[in-house]
Protein chains: 2
Amino acid sequence: MTAERVPPAQLAPQLRDAITRLNRRVRQARPVGDLTVTQLSALTSLKLAGALTPRELADIERVQPPTMTRIVAKLEERGLVQRTPHPTDGRQVILAATEGARAVLEKFERARDEWLASRLEALGEEERDTLRRAAEILQQLARA
Amino acid sequence: MTAERVPPAQLAPQLRDAITRLNRRVRQARPVGDLTVTQLSALTSLKLAGALTPRELADIERVQPPTMTRIVAKLEERGLVQRTPHPTDGRQVILAATEGARAVLEKFERARDEWLASRLEALGEEERDTLRRAAEILQQLARA
DNA sequence: CACAGTCGTTAGCTTATCTAATGAGCATGG
DNA sequence: CCATGCTCATTAGATAAGCTAACGACTGTG
């Protein structure tokens, strides 16, 4: 398989188009539980990291701090996030996923990304491999 | 390059993660002109198709009709979309990009997807090729 | 210990999206 | 030839998701 020369200026619009449209689709399919994609993502990051300050979580999720304040507030309302004061720095707050969150996330893990997964099943092995490699690159781009 | 077996249930979360995060990033970088990504996408689809009803455009953009009503309203305010009555069906409306829109789109074409394109430049030829193939698959998924 | 910087939040705005309901118009089956 | 049911676009109303600006509490340093 020879790599084709791909001019970035041409790839960018196509990639953006694919991402925005697919993103809409993924957001639409929001069945199980009432967590939104954004909330689920934040909660998952928090669970993976163990404990984080709002700022750190915002950086990971690529949103501004005030946005994360809101997301966390929603999650706290549902009893999925616990807030404890930082032991030495009075400005900071430590966020952690609660036991309840673990249960919710496990439920999600089973039904997770149902729509997307079913579409992926319809693809060939090779296409999925392309997407796997692409996902890594895209994550890297998002981090940059 | 041997294709690796990729279980969809594992790929889905990673892909969704990559897509949502990158989508946030792309939205954030909204420099030239005051068209949002959503508006730009709708306008481009409209220009490519020539003329469409709101329903058709909504289907292409993967949004519900009321959402498209709003997007079109914004574009119409700016004089970028023209609305003419359907010749035979009084319920329908025909949307078309105006001359002004063509000018705006051309300007965008030059500065287009600046942030994304610059990131893509930093990648290797092979990675870009992976993304190109992935973009096609993703567009196909979004359409499905 | 004053002052500059950091942290989280509040306030206020915009965009993006949905569902439900409405009203106009069409098309068809008696 | 018209009543009835569908389709189309829009309005109405809600929510989520994001931003910037500004604020108040706190820290840490000179």
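All of these numbers come straight from a predicted model, not from anything done at the bench. Every chain is numbered from 1 and lettered A, B, ... according to where its sequence line falls, protein lines coming before strand lines.
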Check your understanding: Is the shortest distance from a Lys or Arg side-chain nitrogen in A:Glu61 or B:Arg24 to a carboxylate oxygen in the other one below 4.0 Å?
Key -> yes
Practice item. Report yes if the side chains of A:Asp59 and A:Leu57 come closer than 4.5 Å at any heavy-atom pair, otherwise no. Key: no
**Study point:** For atom CE of A:Met68 and atom P of C:dT10, their distance in whole Å
**Key:** 15 Å
**Study point:** Atom pair distance, as rounded to whole Å: CD in B:Glu61 and P in D:dA9
**Key:** 15 Å
**Study point:** Under-4.0 Å side-chain N/O to phosphate OP1/OP2 contact, A:Thr53 with C:dG8
**Key:** yes
Review point. Looking across every strand, which nucleic acid part, if any, lies under 4.0 Å from A:Thr88 by heavy atom: base, sugar-phosphate, or nothing?
Key: sugar-phosphate
**Study point:** hbond_proxy A:Arg91 side chain to C:dT6 base (donor-acceptor, 3.5 Å cutoff)
**Key:** yes
Exercise for review: Could you check how far CG of A:Leu40 sits from P of D:dA16, rounded to whole Å?
Suggested key: 15 Å
Practice item. For A:Gln64 and C:dT9, give me the distance from atom CD to atom C1', rounded to whole Å. Key: 14 Å
Practice item. Side-chain contact test, heavy atoms from C-beta onward, threshold under 4.5 Å: evaluate it for B:Leu40 versus A:Arg16 and give yes or no. Key: yes
Check your understanding: So, are A:Glu136 and A:Arg133 salt-bridged, with charged N and O less than 4.0 Å apart?
Key -> no
**Study point:** For atom CG of A:Leu57 and atom C1' of C:dC7, their distance in whole Å
**Key:** 14 Å
Review point. Hey, which of these two, A:Gly90 or B:Val72, hits DNA chain D nearer its 5' end, going by closest nucleotide?
Key: B:Val72
Review point. What nucleotide among C:dG8, C:dT15, D:dA9 has an atom nearest to a side-chain atom of B:Thr36?
Key: C:dT15
Practice item. Let me know the distance between CG of A:Asp89 and C1' of D:dG28, rounded to the nearest Å. Key: 10 Å
Point to revise | Euclidean distance, atom CG of residue A:Leu52 to atom P of C:dG8 [Å, nearest integer] | key: 11 Å
**Study point:** Side-chain N or O of B:Thr38 closer than 4.0 Å to phosphate OP1/OP2 of C:dT17
**Key:** yes
Practice item. May I ask you to say whether A:Arg102 pairs ionically with A:Glu99, meaning some side-chain N is under 4.0 Å from a carboxylate O? Key: yes
Check your understanding: Taking only N and O in the side chain of B:Thr67, is any of them less than 4.0 Å away from OP1 or OP2 of C:dC18?
Key -> yes
Review point. Is any side-chain nitrogen or oxygen of A:Arg24 closer than 4.0 Å to OP1 or OP2 of C:dA16?
Key: no
Exercise for review: Using whole Å, report how far CD of B:Gln39 lies from P of C:dT14.
Suggested key: 13 Å
**Study point:** Toward the 5' end of DNA chain C, by each residue's nearest nucleotide, A:Arg70 or B:Pro66
**Key:** A:Arg70
Exercise for review: Consider the side chain of B:Val63, meaning its heavy atoms from C-beta on, and name the nucleotide among C:dT10, C:dC18, D:dT10 that approaches it most closely.
Suggested key: C:dC18
